[in-house]
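One structure is given here, and the rest of the page talks about it.
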Amino acid sequence: MSWSMTPIEIALQEARDAAARGEVPVGAVVTDASGTVLARAGNRVEEMHDPTAHAEILALRAAAALRGSPRLPDCTLTVTLEPCPMCAQAASFFRLRRVVFGAYDPKGGGVEHGARIFQASSCHHTPELIGGVREGECTSLLRDFFVVRR
Ligand SMILES: [Zn+2]
């Protein structure tokens, strides 16, 4: 039941659903200040033929559409994997209050690794960051997916 699930649990469910569709298992959820879920999504890169259809982008766009605003300053993005540079930049553009993620991504991440978007001088809004939430579960979901496909 979604009312009893924490945001990271919802994101994990979205990630599992994405895996079942043949997508890289990443899930994301946007919650408001009271913890109400505004939007949730999993990767749909293959389905939409769109390399930018990452879970975070889809969830943020849906939340902004629901709000009727391009800014979500009271909102938290919770995602199973460290956001890539594109999604980290989007989190800044949407003026998010907080970004919570599960697994760290040394190869593709853009928050704690690589471009480190929020530390760049071109980044004008930095959300509060919390990494490593339910890290083991989030990491093994990805690892299992790539082991099966390899
Ligand atoms: Zn991304």
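- Closest heavy-atom contact between Met86 and Ile57: CE-CG1, 4.0 Å.
- Using a 4.5 Å cut-off on side-chain heavy atoms (C-beta onward), Glu14 and Thr80 make no contact.
- In Arg61, the CZ atom is not crowded: 12 or fewer heavy atoms of neighbouring residues, nucleotides or ligands sit closer than 6.0 Å.
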**Asked** Does the side chain to side chain contact (heavy atoms under 4.5 Å, CB included) test come out yes or no for Val45 and Val24, once each step is laid out?
**Response** CA-CA 8 Å; Val45 167; Val24 173; over 6 Å; no

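- Clustering ILVMFWY residues whenever any of their side-chain heavy atoms sit less than 4.5 angstrom apart, transitively, puts Tyr104 in the very cluster that holds Leu129.
- Val100 and Leu60 fall into different hydrophobic clusters, where Ile, Leu, Val, Met, Phe, Trp and Tyr are joined by side-chain heavy atoms under 4.5 Å apart, directly or via other members.
- Proximity of a side-chain donor or acceptor of His113 to a complementary backbone N or O of Lys107 within less than 3.5 Å is not detected.
- Both Val111 and Phe94 belong to a common hydrophobic cluster when Ile, Leu, Val, Met, Phe, Trp and Tyr are linked at side-chain heavy-atom distances under 4.5 angstrom.
- Separating the NE2 atom in His125 from the CZ atom in Arg71 is a distance of 11.5 Å, to the nearest 0.5 Å.
- For the pair Arg21 (side chain) and Asn43 (backbone), a donor-acceptor distance under 3.5 Å is present.
- The nearest pair of heavy atoms linking Leu141 to Ala15 is CD2-CB, 3.4 Å.
- Across every non-hydrogen atom of Ala59 and Ala41, the tightest pair is N-CB, 3.8 Å.
- Considering all non-hydrogen atoms of both residues, Glu23 and Glu47 come closest at OE2-N, 2.9 Å.
- When all heavy atoms of His124 and Ser92 are compared, the closest pair comes out as N-OG, 4.3 Å.
- Distance OG1/Thr126 to CZ/Arg95: 10.0 Å, rounded to 0.5 Å.
- Considering only heavy atoms from C-beta on, Val99 comes within 4.5 Å of Pro83 through its side chain.
- Taken to the nearest 0.5 Å, the CZ atom of Arg134 stands 12.0 Å off from the OG1 atom of Thr78.
- Linking ILVMFWY side-chain heavy atoms closer than 4.5 Å, directly or via other members, places Ile8 and Phe145 in two distinct hydrophobic clusters.
- The main-chain N or O of Thr6 is found under 3.5 Å from a side-chain atom of Glu9 such that the two form a donor-acceptor pair.
- At distances below 3.5 Å, at least one donor-acceptor pair connects side-chain atoms of Glu82 with backbone N or O atoms of Glu112.
- With hydrogens and angles disregarded, a donor-acceptor distance shorter than 3.5 Å links the side chain of Ser140 to the backbone of Gly136.
- Tested against Leu66, the residues Leu38, Leu72, Val30 include a single side-chain contact (heavy atoms from CB on, under 4.5 Å) partner, Leu38.
- Summarising the geometry of Glu56 relative to Leu81, their closest heavy-atom pair is OE2-O, 4.3 Å, with the distance given to 0.1 Å.
- Considering only heavy atoms from C-beta on, Cys138 comes within 4.5 Å of Leu12 through its side chain.
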Exercise. Could you walk me through whether Asp74 and Arg67 pass the salt bridge (Lys or Arg N to Asp or Glu O under 4.0 Å) check?
Worked result: CA-CA 11 Å; Asp74 61 316; Arg67 280 285 182 81; 2.9 Å; yes

